[in-house]
Undergrad: 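I have a structure I would like to understand better, so I am pasting it below and will then ask my questions one at a time.
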Amino acid sequence: MSEISKAYNPSEVEDKWYKEWVESGCFKGEADKSREAYSIVIPPPNVTGVLTMGHVLNNTIQDILIRRARQKGKSAIWIPGTDHAGVATQAKVDAYLRKQGKSAKELGREKFMEVAKEWRDKHGGIIIEQLKKLGASCDWSRLVHTLDDDYARGVLTAFVHLFKNGYIYRGKRMVNWCPKGLTALSDEEVIMRPQKSKLYKMKYEIVEKPGQFLEISTTRPETIMGDTAVAVNPNDERYRDLIGKHCWRPFPRAEIVIVGDESVDMEFGTGVLKVTPAHDPVDFEIGQRHGLPVIDVMNPDGTLNELAGPDFAGMDRFKARNAAAKKLEELGLLVAVEDYENNVGYSERGDVPIEPRLSDQWFMRYPKVDEAREVVASGKIKFWPSRWEKTYDHWLEGIRDWCISRQIWWGHRIPVWYRKGVEHPHLDNPEEVHVSVDGPSDPENWVQDEDSLDTWASSWIWPFGVMGWPDKEKEAELNLDYFYPTSDLVTGPDIIFFWVARMIMAGLEFMPGDCARRIPFKNVYFTGIIRDMQGRKMSKSLGNSPDPLDIIARYGADGLRFGVMNCAAQGQDILFDEQRVELGRNFCNKLWNACRFRQMSGDMGDNSSLKAIVNRIDVSKLDADDHAILANLEKCARQIEKDYAGYQFNSITQNIYSFFWNDFCGWYLEVSKARLSDESAKATVLAVQDLCIRQTLLMLHPFTPFISEELWHSLGYGKEGSYIQNECPDFENALGSLGLKIDENAAAEIEKLKDFVSKARALKAQTKMATKRDAKFQFIASDKSSADSVSQNSDKLKKLIGAESIDLIENSLDAPVVLTELGALYIDMSGAVDAKAEIERLEKEKQKFEAFVKSTQARLNNEAFTSKAPANIIEGAKKQLADTQAKLEEIEKLLKTYKA
RNA sequence: GGGCGAUUAGCUCAGUUGGUUAGAGCGUCUGUUUUACACACAGGAUGUCGCAGGUUCGAAUCCUGCAUCGCCCACCA
């Protein structure tokens, strides 16, 4: 136990405890078979990234879940790690090299990897330290990086397995090509953006009918040189007779065939489509169907090549667009140019339009697609909120093969070797192509494939890859059997396809056993996205993303965590404002000072256990306030239990906030002040306070780990070397078994006293007597129990409302009055009553009551209501009507007195 | 084109099976060095719950349509 300082200093407390936690090893996961396992794997952040508000939200939720699990006695582990982030990191290292006047190419692959690793080790890992600042209780002894040797073996094992089972193939296909990154991309990495462009209308002359033209629209005249046909819909009567005939491609001038293909939309433009099989996915398919030649007129970097002709060779694709239009015009073939808005696919990383390109790539047919749909549809894996299930299922329903090869070096190199000297090696011939994790035994005779894997084709095995798979010994050492499947996954819905769906398929494919053993996780919580106050996504270029570390420095990690969680409704986007964090900081300050006040109020008794605290309570000294606060505490704990089950984190913070601030500090501590002067009750009151604070700290701990740990120890709840994260927050049964029975009705009586106090204060304010601490009140109780309640609580009430006396009287007075739940309360103004103001005030109140009486009577007179509504609703309405009518009578009586 | 969110106080948002007179924080106004906390305390003001229908004794809540904003998916050149 130590004395609590006047001001809460978060950074000091945070650093101290984090250090101790890590040193004590209390975050380490242990496979304790006698306890239920609980595990989370972190969505691995980019190793070279820095902490963003999105990470704060995401990781705070994970930390809450893991700490709560520890409190509930589960054997918990939160496995951390980082992602090598292929394309992103490659780009950063390339830029770094350029600055030094070097290039990746001249270094060569091996040297590049060395430099890149050095660069990663030097600039990477910052985010891990930042997560620690946030309080993340990961098992750091198990930090995994996707390029670690063990993990990489898992990645390659998955590849080899799928290859051997026919899920992986190589082929020349139409892929999304990033001309900036010079690599293929998956469909998911292409983002569609509406763009202002031009629609060029041109005409091609029909070979067999000189002088007759076909009018065609295109947005991409720069690909004309690659046209190998013109297509019309065979059902289109306008053109049906032209099918099989030819037209002139303007440049390079050549005859191209007119084909009929049903994919052509008759309604669009003139219903005639130019077909460029090398540069458009639809055109490619048409080309396949009609056996059209493929002319690739572009270089990988998006410039045109020799096949485009001397006028265009070497020219950038967008310059070539204008040049081609100009050339059409010169030839007299350009009919019109219209402004046009269409969707263009962009490379997410490169931020340039992607180029559909025919190239040799590796593809994966996804395994276990049907089962992946089934496990979510059947609830074996639950999504929170559940609406994402539909999105997930829809994607899987229309799933297409995954292009998994990338033309970059930073990543896992594809474990495929080709026999030297074999011109066209066949994938199914082991003499020509070797596929294995370790490579051929005679490497000198083989050449390894140059490509590396899509980053997501490495992170998709994350849930078991971090647990030693596929090495049996390592699996045992890392307790895969015990911790897999993981319990909860917390991530953003933006990677539902990239990562979540693929992990599910990977788990089902690579893990053994029945379905429940193979799924990678049981629950997926999708967070919202953190936006700025204008609703815009946080981004570096907008400069609207606050630095979480800066916020932690100013408000404390607990304040940040509490503030963010308080406004994060399940799966809803959050418009972030620093005021949220202010709320959290203020709450921490309130907590701090309430505990400080407790210390100042009297000697600390034995707080070492729940039992010890309850033993300090003298049941005969408990009054309604004690019962009420304990009842509220129980209610809060019950609500929280329910909220955890439904992943309603904002509701949890709101319940704790409201209980602690309003019920405990706002009322209980205040009434305690008067009772503490009664020596016979003091020990009991302090014990009740200790009990409430103890349970509050426990409930709060997952959200605000630092301050709760600090206060836990300074108030003597925990022994040195023990931590609040391992203390069970449940207490309901404990109270009962310790012989303490809570009077549930007490809370109702206290509500009336609260009403009495707040009305009395309002009366003082209205009569301009708010500052007087010695006001005199007279009170006409509405019944015997109300009279008892007021006289029994007289000391507390006088202190709370700043009164010298509250006299019980029998008859109405000619003085300002307020009607409370307990009866009529008058304030003595010694004749200085402003009758006009009083009348005005009473009239206003009268109107309010009258409106209520009228509507309630109407309801009760409605036969449909009385015959159909449940009894308790009807009874409630009747009682309220009676109460209100009584008040109304009282007011009318008073009005008469004033008006007289 | 299809799907999914959102629309409640000046601002940002809760409101989980339909049920008394719709809540919170911030902001705002009035007061307060009341011996834990001004990051506080007390009191006040502020809402035809997006619009239009429907179901019901009863709708912010359920149904239908519409509007506005946002997101995701989709090969119309």
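Convention: sequence-line order gives letters A, B, ...; per-chain numbering from 1.
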Undergrad: Determine the contact category for A:Pro356: base if any of its heavy atoms lies under 4.0 Å from a base atom, sugar-phosphate if only primed atoms, P, OP1 or OP2 are that close, otherwise nothing.
TA: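 Here A:Pro356 touches no strand at all.
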
Undergrad: Would you mind telling me which residue lines up with the more 5' stretch of RNA chain B, A:Ala594 or A:Thr270, judged by nearest nucleotide?
TA: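 Residue closer to the 5' terminus by nearest nucleotide: A:Ala594.
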
Undergrad: Specify the separation, in whole Å, of atom CZ of A:Phe268 and atom C1' of B:G1.
TA: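 After rounding, the reported distance stands at 14 Å.
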
Undergrad: Can a donor-acceptor pair be found, under 3.5 Å and without considering hydrogens, that links the side chain of A:Arg502 to the backbone of A:Phe498?
TA: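 Between the backbone of A:Phe498 and the side chain of A:Arg502 there is a qualifying donor-acceptor contact (under 3.5 Å).
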
Undergrad: Where does RNA chain B form stems of at least three consecutive Watson-Crick or G-U wobble pairs, each pair having both distances below 3.5 Å?
TA: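 Detected stem regions: B:1-7 with B:67-73, B:10-13 with B:23-26, B:28-32 with B:40-44, B:50-54 with B:62-66.
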
Undergrad: Taking only residues two or more places apart in sequence or in another chain, which ones pass ring pair (Phe, Tyr, Trp, His ring centres under 6.0 Å) with A:Phe526?
TA: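 Listed in chain order: A:Phe383, A:Trp388.
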
Undergrad: Nearest whole angstrom, please: distance from the C1' of B:A24 to the CZ of A:Phe659.
TA: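 About 18 Å, once rounded to whole Å.
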
Undergrad: What heavy-atom pair brings A:Glu222 and A:Arg317 nearest, and what distance separates the two atoms?
TA: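 Residues A:Glu222 and A:Arg317, closest heavy atoms: CG-O, 3.7 Å.
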
Undergrad: Just to confirm, is there a sub-4.0 Å distance from OP1 or OP2 of B:C41 to any side-chain nitrogen or oxygen of A:Trp661?
TA: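 A:Trp661 to B:C41 OP1/OP2: side-chain N or O found under 4.0 Å.
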
Undergrad: With a 3.5 Å distance limit and no angle check, can you tell me whether A:Ser867 reaches the backbone of A:Ala864 through a side-chain donor-acceptor pair?
TA: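 The answer is yes, because a donor-acceptor pair under 3.5 Å joins these two groups.
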
Undergrad: Checking A:Leu676 now: which residues fulfil side chain to side chain contact (heavy atoms under 4.5 Å, CB included) with it, not counting sequence neighbours?
TA: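 Per chain and number, A:Leu676 pairs via side chain to side chain contact (heavy atoms under 4.5 Å, CB included) with A:Ser601, A:Lys682, A:Val685, A:Leu686.
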
Undergrad: Find out whether the Lys NZ or Arg CZ of A:Arg561 is both under 6.0 angstrom from the six-membered ring centre of A:Phe703 and within 45° of the ring's axis.
TA: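 Pair A:Arg561/A:Phe703 does not count as cation-pi.
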
Undergrad: Is A:Arg373 close enough and on-axis enough to A:Trp395, meaning under 6.0 Å and within 45°, for cation-pi?
TA: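 Judged by the rule (NZ or CZ under 6.0 Å from the ring centre, within 45° of its axis), A:Arg373 is not positioned above A:Trp395.
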
Undergrad: When you compare B:A6 with B:U16, how far apart are their P atoms, in angstrom units rounded to a whole number?
TA: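 One P to the other, the span is 12 Å.
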
Undergrad: On RNA chain B, does the nearest nucleotide to A:Ser651 precede the nearest nucleotide to A:Phe587 from the 5' side, or the other way round? Give the residue.
TA: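 First, find each residue's nearest nucleotide; the 5'-ward one identifies A:Ser651.
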
Undergrad: Could you tell me whether the side chains of A:Tyr555 and A:Glu578 share a donor-acceptor contact shorter than 3.5 Å?
TA: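 Indeed, the side chains of A:Tyr555 and A:Glu578 share at least one donor-acceptor pair under 3.5 Å.
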
Undergrad: Please enumerate all residues that pass side chain to side chain contact (heavy atoms under 4.5 Å, CB included) together with A:Val190, with sequence neighbours excluded.
TA: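 A:Asn176, A:Met192, A:Ile354.
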
Undergrad: Once you apply a heavy-atom cut-off of 4.0 Å, does A:Glu670 come out as touching a base, just sugar-phosphate, or nothing?
TA: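 Base contact.
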
Undergrad: Which value, in whole Å, describes the distance between the C1' atoms of nucleotides B:G50 and B:C69?
TA: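 Taking atom C1' in both B:G50 and B:C69, they lie 11 Å apart.
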
Undergrad: Who pairs with A:Asp339 by salt bridge (Lys or Arg N to Asp or Glu O under 4.0 Å), at least two apart in sequence or on another chain?
TA: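 Partners of A:Asp339 under the salt bridge (Lys or Arg N to Asp or Glu O under 4.0 Å) test: A:Lys198.
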
Undergrad: Decide yes or no for A:Val264 and A:Asp236: does some side-chain heavy atom of the first lie under 4.5 Å from some side-chain heavy atom of the second?
TA: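 No. Closest side-chain heavy atoms not under 4.5 Å.
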
Undergrad: Starting at the 5' end of nucleotides 4-10 of chain B, put B wherever the base has a protein heavy atom under 4.0 Å, S where only the sugar-phosphate does, and a dash everywhere else.
TA: SSS----

Undergrad: Quickly work out the A:Ile354 CD1 to B:C75 C1' distance and round it to whole Å.
TA: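 A:Ile354 atom CD1 is separated from B:C75 atom C1' by 11 Å.
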
Undergrad: Where along nucleotides 27-33 of chain B does protein come under 4.0 Å, by heavy atom, of base (B) or sugar-phosphate alone (S), with - for untouched nucleotides?
TA: ----SS-

Undergrad: Tell me, please, which residues at least two apart from A:Ala775 pass side chain to side chain contact (heavy atoms under 4.5 Å, CB included).
TA: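 Checked A:Ala775 against side chain to side chain contact (heavy atoms under 4.5 Å, CB included); matches are A:Lys764, A:Met769, A:Phe777, A:Ile827.
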
Undergrad: Kindly give the atom pairs (protein nitrogen or oxygen, nucleotide nitrogen or oxygen) under 3.5 Å for nucleotides 59-64 of chain B.
TA:
none

Undergrad: If you take any heavy atom closer than 4.0 Å to RNA chain B, which residues from residues 752-762 of chain A end up in contact?
TA: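 Hits under 4.0 Å, by residue number: A:Ser758, A:Arg761, A:Ala762.
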
Undergrad: For A:Lys390, check salt bridge (Lys or Arg N to Asp or Glu O under 4.0 Å) against everything at least two apart and list the hits.
TA: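 Here no residue qualifies.
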
Undergrad: For A:Asn342 and B:A74, give me the distance from atom CG to atom P, rounded to whole Å.
TA: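 Going from A:Asn342 (CG) to B:A74 (P), I get 16 Å.
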
Undergrad: How would you label the contact of A:Leu273 with the nucleic acid (heavy atoms, under 4.0 Å): base, sugar-phosphate, or nothing?
TA: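 Touches a base.
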
Undergrad: When all nucleic acid strands are considered with a 4.0 Å heavy-atom cut-off, which category describes A:Asn862: base, sugar-phosphate, or nothing?
TA: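 Result for A:Asn862 = sugar-phosphate.
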
Undergrad: Just to confirm, is there a sub-4.0 Å distance from OP1 or OP2 of B:A42 to any side-chain nitrogen or oxygen of A:Lys799?
TA: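 Checking B:A42 against A:Lys799, no side-chain N or O comes under 4.0 Å of OP1 or OP2.
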
Undergrad: Between protein and nucleotides 67-70 of chain B, what N or O pairs are separated by less than 3.5 Å?
TA:
none

